[in-house]
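Below is one structure, written out as structure tokens, with a few remarks after it.
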2 protein chains.
Amino acid sequence: MTTAARANGSRDLPHPALEEIRLESVLHALSDPMRLQVVRELAADGDELSCSHFDLPVTKSTTTHHFRVLRESGVIRQVYRGTAKMNGLRRDDLDDLFPGLLDSVLAAAARQADRLGG
Amino acid sequence: MTTAARANGSRDLPHPALEEIRLESVLHALSDPMRLQVVRELAADGDELSCSHFDLPVTKSTTTHHFRVLRESGVIRQVYRGTAKMNGLRRDDLDDLFPGLLDSVLAAAARQADRLGG
DNA sequence: CCCGTACTACGATGCCTATCGTACGAGACG
DNA sequence: CGTCTCGTACGATAGGCATCGTAGTACGGG
């Protein structure tokens, strides 16, 4: 066990390795409005954000579920920091696997938000 | 009723208008392996292909279902031509709504197929 | 050590969906 | 007309999933 792992009480979270990330899973993860919103905010911020930072119109249970889907599909990276769980986009890995995909989706989401939201 | 509509026995199929196409629905449609495969073949061919051209490892009922999901999400255009039902990518509409998105997904799919398929 | 905050785990529920089989409709062709 | 092919419609089924509520765990601070 690494020092880092011991430092957060061994509460490491399972992430798919780079080679395990599947395009279909990524697209499915991004096809949910809640999750797409989360990803957009993460991309806009550029840094790590805690789960509680997001004010989604669902319960915390459901929020936990969505973050898990995003993590298990390889879209985000999650790590505990104290009681908080920090979330960051796996932009480097995604860009490596699927160049331009994330940016296209983000641009498409922004466009649609502009078009629909006013 | 137009002449064209009468010519094919009024078997016109409902398609979403450009403004009705939703990014989430498009991503969801593309997140299924069967449907992604269909879209890849359509993009590779560049022209219209009949449903029966595709040799999917599912029954015809299921194939019909997948084509309907693709059509109703706005990814493909379907039109009857005799007994055959021709399918074509709505590349113009998608590129207009979400520039670069389709190409990114297709490139990502090709990359993954290369990586996994050998 | 106790408490509050942050997040999880688990079970329930209702909806969506991928799949199939069978029966049917529409056009082409002899 | 009869028949063949192509694709649809409908019902069934099984699994997935978004959602909730409640109860519980982990960590930090007084």
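In what follows, chains are A, B, ... by sequence order, proteins preceding strands, each numbered from 1.
- Residue B:Ser61 places its side chain closer to C:dC20 than to any other of D:dT19, D:dA18, C:dC20.
- A donor-acceptor contact under 3.5 Å is not formed by the side chain of A:Ser50 with the base of C:dA6.
- Nearest heavy-atom pair across A:Leu36 and A:Ala109 is CD2-CB, 4.2 Å.
- The distance from atom CZ of A:Phe67 to atom CG of A:Leu56, rounded to the nearest 0.5 Å, is 6.5 Å.
- The CG-C1' distance, from A:Leu56 to C:dA6, rounds to 15 Å in whole Å.
- Rounded to whole angstrom, the span from the CD atom of A:Glu24 across to the P atom of D:dG16 amounts to 16 Å.
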Check against side-chain hydrogen bond (donor to acceptor under 3.5 Å, both in side chains), A:Thr64 and A:Ser61: CA-CA 5 Å; A:Thr64 296; A:Ser61 300; over 6 Å; no
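- Between A:Arg35 and the phosphate of D:dA18, there is a side-chain N or O to OP1/OP2 separation shorter than 4.0 Å.
- Taking the charged nitrogens against the carboxylate oxygens, B:Arg81 and B:Glu48 do have a contact shorter than 4.0 Å, which makes a salt bridge.
- The separation between B:Glu72 atom CD and C:dA18 atom P is 12 Å, rounded to whole Å.
- Across all strands, A:Thr64 comes closer than 4.0 Å to base atoms (heavy-atom distances).
- Across D:dA9, C:dC7, D:dG21, the shortest atom-to-atom separation from the side chain of A:Lys60 is found for C:dC7.
- With DNA chain D read from its 5' end, the first of the two nearest nucleotides for B:Thr63 and A:Val58 is the one closest to B:Thr63.
- With C:dC20, D:dC17, C:dA6 as the choices, the nucleotide that has an atom nearest any side-chain atom of A:Thr83 turns out to be C:dA6.
- What separates CG of B:Asp55 from P of D:dG7 is a distance of 13 Å, to the nearest Å.
- Among D:dG7, C:dA6, D:dC20, the nucleotide with an atom closest to any side-chain atom of A:Ser52 is C:dA6.
- Across the protein-nucleic acid pair, B:Arg81 atom CZ and D:dG7 atom P stand 12 Å apart, rounded to whole Å.
- Nearer to the 5' terminus of DNA chain C, by closest-nucleotide assignment, is the contact made by A:Cys51 (compared with the other of A:Cys51 and B:His65).
- Rounding to whole angstrom units, OH of residue A:Tyr80 and C1' of D:dG28 are separated by 16 Å.
- Closest contact between the side chain of A:His28 and the listed nucleotides C:dA9, C:dC20, D:dA18 involves D:dA18.
- Dashed line: the shortest gap from a side-chain N or O of B:His66 to OP1 or OP2 of C:dT19 is under 4.0 Å.
- Residue A:Arg68 has a polar side-chain atom (N or O) positioned under 4.0 Å from OP1 or OP2 of C:dA9.
- Here D:dA18 is the nucleotide among D:dA18, D:dG21, C:dC7 with the atom lying nearest to any side-chain atom of A:Asp32.
- Rounded to an integer number of Å, the gap from B:Gln78 CD to D:dC6 P is 16 Å.
- Spacing between atom CG of A:Leu70 and atom C1' of C:dC7 amounts to 16 Å, rounded to whole angstrom units.
- With salt bridges taken as basic N to acidic carboxylate O contacts below 4.0 Å, none links A:Arg90 and A:Asp95.
- The minimum heavy-atom distance linking A:Arg40 with A:Leu106 is given by the pair CA-CD2, 4.0 Å.
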